[in-house]
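First the structure, in the form of structure tokens, and then the observations on it.
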Amino acid sequence: MTHHIGLIHGDGIGPELVDAARRVLDVAVEGEADLEYHEEQGGAGTYAATGEPLGEGALERVRTRYAATLKGPVGLPGVRRPDGTEAGLLGGVLRGGLDAYANIRPISAIPGVRTPLRPESGPIDYVIVRENTEGLYLSRGLGVGNDRAYSDQLLMTRHGVERVVRAAFDLARRRPGAPEDGVSRVTCVDKSNVIRSYAFFRQVFTEVAREYPDIEADHRYADAAGHDLVMTPGHFDVLVMENFLGDILSDVGAATVGGLGMCPSGNVGDHGAYFEPIHGSAPTLAGRDRANPTSQILSAAMLLDHLGLTDPARRVREAVRSAFASGAVSLDSRGIPDVGTRGVAEAVCARL
Ligand code: IPM
Ligand code: MN
């Protein structure tokens, strides 16, 4: 069977990462499926060349023609809109345009990968489900103000919270539970003790949780969640939270498993999905075969799962684990792989 896949190479290290992941994809599906790739333009480079962050018609094709899209990181520090915000970041365009409301961010420790945590912190394997279409980031670029003050609005709708909380509980049903105790749980992360819209998020969470009596409903204030993700990560199975909190806490989680270069994500809605690393385009590393492509390779594994190619997806994850666990690939203290970007892809392909 042929699956049509969109490819957005992005900026900075994006093209190297997407090339590495594509090599892995091809080896992973060999004999089982055909992937046909369709390149689309997107990111800061596209914005600088055309004044638009995405190529003409690309959003429509990503939404309707491709089974899924693999996207590299985007953004270049020098490419800005007149108001000073970064141009060519596709979050608003693609996440909003596809209504991809659930940003699925697995945080999973791989044995052999150096982290700042003590070994007795135990295994780490949880998923942050970040609301992806509203919250504080709805006002991307739309804040109001003058030279004395600025304000950005944080919006929560019942519809928006309900659907992302359901996505989190549905995901918990498909997982083996928290590493510490095997309990399936969804942790609602908010600041309901201070901010009313977060109290509304928690209220809707509690209502939806009643539909899932088999899953434990758990709570953390966001500040304590940051603490506990570092101190007691084994407690967590699935966490669900507003957009801005999810952006920040997923980077905190990444630090506990070897850095941003280890962490994939999926932007998933009811129509259309795309998969990308959770990090930026690291322009200073670009073109030097230095960036860690694991985040992109694991994003490709999530894409395979989305296509229903669950065996190849599992094999990719196992190959990545084995590449690190065996010592064939290791990271320095800044997360740079010793064998280079291409070397990581080769080590993964060799195991496949
Ligand atoms: C992420 C990124 C994006 C975001 C940026 C690049 C717009 O940090 O995917 O987490 O803020 O959502
Ligand atoms: Mn981020």
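All residue numbers in this chain count up from 1 along the given sequence.
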Would you please test Asp19 and Arg22 for salt bridge (Lys or Arg N to Asp or Glu O under 4.0 Å) and show each step? CA-CA 5 Å; Asp19 286 345; Arg22 181 177 165 166; 5.9 Å; no

Can you check whether [Y]'s main-chain N or O pairs, donor with acceptor, with [X]'s side chain at less than 3.5 Å?
X: Asn103; Y: Glu131; result: no
X: Asn243; Y: Gly135; result: no
X: Ser299; Y: Glu276; result: yes
X: Ser330; Y: Gly327; result: no
X: Ser322; Y: Glu318; result: no
X: Thr341; Y: Arg290; result: yes

Pairwise side-chain contact, [X] with [Y], heavy-atom cut-off 4.5 Å (strictly under):
X: Glu32; Y: Glu30; value: no
X: Met241; Y: Leu249; value: yes
X: Arg130; Y: Arg95; value: yes
X: Phe200; Y: Phe205; value: no
X: Ser295; Y: Pro264; value: no
X: Phe275; Y: Thr69; value: no
X: Pro77; Y: Pro283; value: yes
X: Leu155; Y: Thr157; value: yes

Quiz item: Transitive ILVMFWY cluster of Leu76 at side-chain heavy atoms under 4.5 Å: who else is in it?
Solution: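 The other cluster members (ILVMFWY side chains, heavy atoms under 4.5 Å, direct or chained) are Tyr47, Val79.
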
Next item on the list: For side-chain hydrogen bond (donor to acceptor under 3.5 Å, both in side chains), just list the numbers for Tyr101 and Asp270, CA-CA rounded to whole Å, side-chain angles, deciding distance to a tenth of an Å, and then say yes or no.
Entry: CA-CA 8 Å; Tyr101 57 86; Asp270 298 328; 3.0 Å; yes

For the ring pair His4 and Tyr37, is the centre-to-centre distance below 6.0 Å?
->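 Here the rings of Tyr37 and His4 have centres that are no less than 6.0 Å from each other.
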
Only distances under 3.5 Å count here; give the side-chain donor-acceptor pairs of residues 221-230 to other protein atoms, sequence neighbours excluded, each with its distance to 0.1 Å.
residue : atom : partner : partner atom : Å
Asp223  : OD2  : Lys191  : NZ           : 3.1
Asp228  : OD2  : Arg220  : NE           : 2.7

query = Is Arg173 atom CZ crowded by more than 12 heavy atoms from other residues, nucleotides or ligands, each under 6.0 Å away?
reply =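 More than 12 heavy atoms, drawn from other residues, nucleotides or ligands, come within 6.0 Å of this atom.
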
Item to complete: Sorted by first residue and then second, give each salt bridge (Lys or Arg N to Asp or Glu O under 4.0 Å) pair with at least one member in residues 48-60; sequence neighbours left out.
Response: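 Passing the test, one end in residues 48-60: Glu60-Arg63.
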
Between Phe236 and Tyr126, how do the two ring planes meet: parallel, tilted or perpendicular, split at 30° and 60°?
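Because their plane-to-plane angle is over 60°, the rings of Phe236 and Tyr126 count as perpendicular.
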
Salt bridge check: are Glu346 and Arg342 linked by an N-O gap of less than 4.0 Å?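 Salt bridge: no.
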
- Only one of Leu303, Leu304, Leu309, Asp34 forms a side-chain contact (heavy atoms from CB on, under 4.5 Å) with His3, so which one is it?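 Of the listed options, the one satisfying the test is Leu309.
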
